[in-house]
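Treat the numbers as computed from the prediction; the structure is a model and nothing was measured.
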Amino acid sequence: MRPMLSMSGVTKTYATGAIEVQALRGIDLAVQGGEYLAIMGPSGSGKSTLMHIIGCLDVPSTGRYELDGTDVSSMTEKELAEVRNHKIGFVFQAFNLLPSLTALRNVELPLVYAGVPAADRRERALAALTKVGLAERVQHRPGELSGGQQQRVSVARALVTNPALILADEPTGNLDSRSTRDILELFSELNEAGRTIVMITHEADVAAHAQTTAHIYDGLISPSPATAGVSL
């Protein structure tokens, strides 16, 4: 069966003047549809660079990356934006909600960019907010919501386009312990419903909620027992 996400020999090199830094040194990674993978790594390990490439926010220097059967390795920025809007739902540590908009309008935004008609946008946004348990908060602005509720809005925004992949970058980093448990339970429920999730985290107790864990050190995925079940 074709993986949902497949990387082969992916490298990333940054050049600053005459100095080159190799952030990724040959990543081989495959994530199946419906898998829930946590990627862990210390500061400077290449974790953020890998997240940017998985999220089509950047492209590899060399190697091949396929997302949902599409080779995105050498796409233009315009092409990458299309992939991001249709195939990836992002959940960020800082929520990235617009403070002047209601929860409903924040969730509608990806559909606005996709050109979805207003009535359909509202229906889909309401359904997504209901799915994350915020049916009674759709007209609240971010400042009127707790941190956990704001993160639920961002999860609803990630879901509303029905993406192939949910990419969560340190999704509990700004949450208290109770809100962290709630968000992780929500991710588990979404995964049980068939969603493919890749979560970037530095916290072992957060990573433990995923089905499998991959560790990245010095720009390479580490072949450790924690990666059992992940194709490397």
(request) Check whether any side-chain heavy atom of R157 lies under 4.5 Å from a side-chain heavy atom of P110, and answer yes or no. (result) yes
(request) Report whether V59 and L165 are members of the same hydrophobic cluster (ILVMFWY, side-chain heavy atoms less than 4.5 Å apart, transitive linking). (result) yes
(request) Starting at CG of L126, measure out to CZ of R121 and round the result to the nearest 0.5 Å. (result) 12.5 Å
(message) Take a 6.0 Å sphere around CD of E123 and say whether it holds more than 12 heavy atoms from other residues, nucleotides or ligands.
(response) no
(message) Quick check against the 3.5 Å criterion: does D169 have a side-chain atom that pairs as donor or acceptor with the backbone of Q93?
(response) no
(request) Report whether V107 and F95 are members of the same hydrophobic cluster (ILVMFWY, side-chain heavy atoms less than 4.5 Å apart, transitive linking). (result) yes
(message) For a quick test of reading the model, state the closest non-hydrogen atom pair linking I27 to G219 and the distance between them.
(response) CD1-O, 3.4 Å
(request) Check whether any side-chain N or O of Q211 sits under 3.5 Å from a backbone N or O of Y36 as a donor-acceptor pair, and report yes or no. (result) yes
(message) Does any part of the side chain of L159, heavy atoms only, come nearer than 4.5 Å to the side chain of I166, both counted from C-beta?
(response) yes
(message) Could you report the tightest heavy-atom contact between L186 and K131, atom names first, then the distance?
(response) CD1-O, 4.4 Å
(message) Using modelled atom types and a 3.5 Å cut-off, is there a donor and acceptor pairing between side-chain atoms of Q151 and backbone atoms of F92?
(response) yes
(request) For L67 and C56, work out which heavy atoms get closest and say how close. (result) CD2-SG, 4.3 Å
(request) Apply the test side chain to side chain contact (heavy atoms under 4.5 Å, CB included) to residues M40 and I216: give CA-CA distance (whole Å), side-chain angles for both, the deciding distance (0.1 Å), then the verdict. (result) CA-CA 6 Å; M40 292 188 67; I216 182 169; over 6 Å; no
(request) Decide if atom CD of E136 counts as having more than 12 heavy atoms of other residues, nucleotides or ligands within a radius under 6.0 Å. (result) no
(message) Within the 4.5 Å heavy-atom criterion, are L145 and V153 side-chain neighbours or not?
(response) yes
(message) Is there a side-chain contact between V198 and M51 in this structure, where contact means two heavy atoms from C-beta onward sitting under 4.5 Å apart?
(response) no
(request) Any chance you could measure F187, atom CZ, to D182, atom CG, to the nearest 0.5 Å? (result) 12.0 Å
(request) Calculate, to the nearest 0.5 Å, the distance between atoms NZ and NE2 belonging to K47 and H52 respectively. (result) 12.0 Å
(request) Determine yes or no for a side-chain-to-main-chain donor-acceptor pair under 3.5 angstrom, with D28 supplying the side chain and G9 the backbone. (result) yes
(message) Check E108 with R105, please: is the shortest side-chain N to carboxylate O separation under 4.0 Å?
(response) yes
(message) How close do L97 and P142 get, counting heavy atoms only, and between which atoms?
(response) CB-CG, 3.8 Å
(message) With a 4.0 Å cut-off on N to O distance, would you call R84 and E77 a salt bridge?
(response) yes
(request) Taking atom types as modelled, find out whether S73 and D71 have a side-chain donor-acceptor pair closer than 3.5 angstrom. (result) yes
(message) Are E66 and T70 packed together at the side-chain level, in the sense that at least one heavy-atom pair is separated by less than 4.5 angstrom?
(response) no
(request) Identify the two heavy atoms, one from S61 and one from T13, that lie closest to each other, and give their separation to 0.1 Å. (result) OG-N, 2.9 Å
(message) With a 4.5 Å cut-off on side-chain heavy atoms, are P3 and Q32 touching?
(response) yes
(message) Main chain of Y14, side chain of E20: is a donor-acceptor contact present, judged purely on distance under 3.5 Å?
(response) no
(request) Return the minimal non-hydrogen interatomic distance between I88 and I54, and the atom names on each side. (result) CD1-O, 3.7 Å
(message) Under a 4.0 Å threshold between the charged nitrogen and the carboxylate oxygen, would D218 count as salt-bridged to R25?
(response) no
(message) Run V10 and R64 through side chain to side chain contact (heavy atoms under 4.5 Å, CB included) and show every step you take.
(response) CA-CA 6 Å; V10 165; R64 184 178 180 89; 5.9 Å; no
(message) Can you tell me how far apart OG1 (T196) and CE (M4) are? Round to the nearest 0.5 Å.
(response) 4.0 Å
(request) Go through the steps for L184 and M199 under the test side chain to side chain contact (heavy atoms under 4.5 Å, CB included), then give the verdict. (result) CA-CA 10 Å; L184 292 174; M199 177 171 63; 4.2 Å; yes
(message) Please determine whether residues L220 and M7 belong to a single hydrophobic cluster, defined as Ile, Leu, Val, Met, Phe, Trp and Tyr linked transitively by side-chain heavy-atom distances below 4.5 Å.
(response) no
(request) Keeping the roles fixed (side chain from R152, backbone from V132), state whether a donor-acceptor pair exists under 3.5 Å. (result) yes
(message) Please check: side-chain N/O of S179 versus main-chain N/O of L175, any donor-acceptor pairing under 3.5 Å?
(response) no
(message) How long is the straight-line distance from CD of Q150 back to CZ of R137, given to the nearest 0.5 Å?
(response) 12.5 Å
(request) For the pair E79 and T76, evaluate side chain to side chain contact (heavy atoms under 4.5 Å, CB included) and give the outcome as yes or no after the intermediate values. (result) CA-CA 5 Å; E79 291 170 332; T76 65; 3.2 Å; yes
(message) Contact between T16 and V21 at the side-chain level, heavy atoms closer than 4.5 Å - yes or no?
(response) no
(request) Ignoring hydrogens and angles, tell me if any N or O in the side chain of T201 forms a donor-acceptor pair with the backbone of E203 under 3.5 Å. (result) yes
(request) Check whether any side-chain heavy atom of K12 lies under 4.5 Å from a side-chain heavy atom of L50, and answer yes or no. (result) no
(request) Ignoring hydrogens and angles, state whether a donor on the side chain of E35 or T212 is under 3.5 Å from an acceptor on the partner side chain. (result) yes
(request) Kindly say whether V160 contributes a backbone atom to a donor-acceptor pair with the side chain of R124 at under 3.5 angstrom? (result) yes
(message) I'd like to know if the side chain of N106 and the backbone of T102 have a donor-acceptor N/O pair within less than 3.5 Å.
(response) yes
(request) May I ask whether L37 and V155 are part of the same hydrophobic cluster, defined by side-chain heavy atoms of I, L, V, M, F, W, Y residues being less than 4.5 angstrom apart, directly or through others? (result) no
(message) Same cluster or not: V116 versus L129, using hydrophobic residues (I, L, V, M, F, W, Y) connected whenever any side-chain heavy atoms lie under 4.5 Å apart?
(response) yes
(message) Working to the nearest 0.5 angstrom, can you tell me the gap between K87 NZ and E82 CD?
(response) 11.0 Å
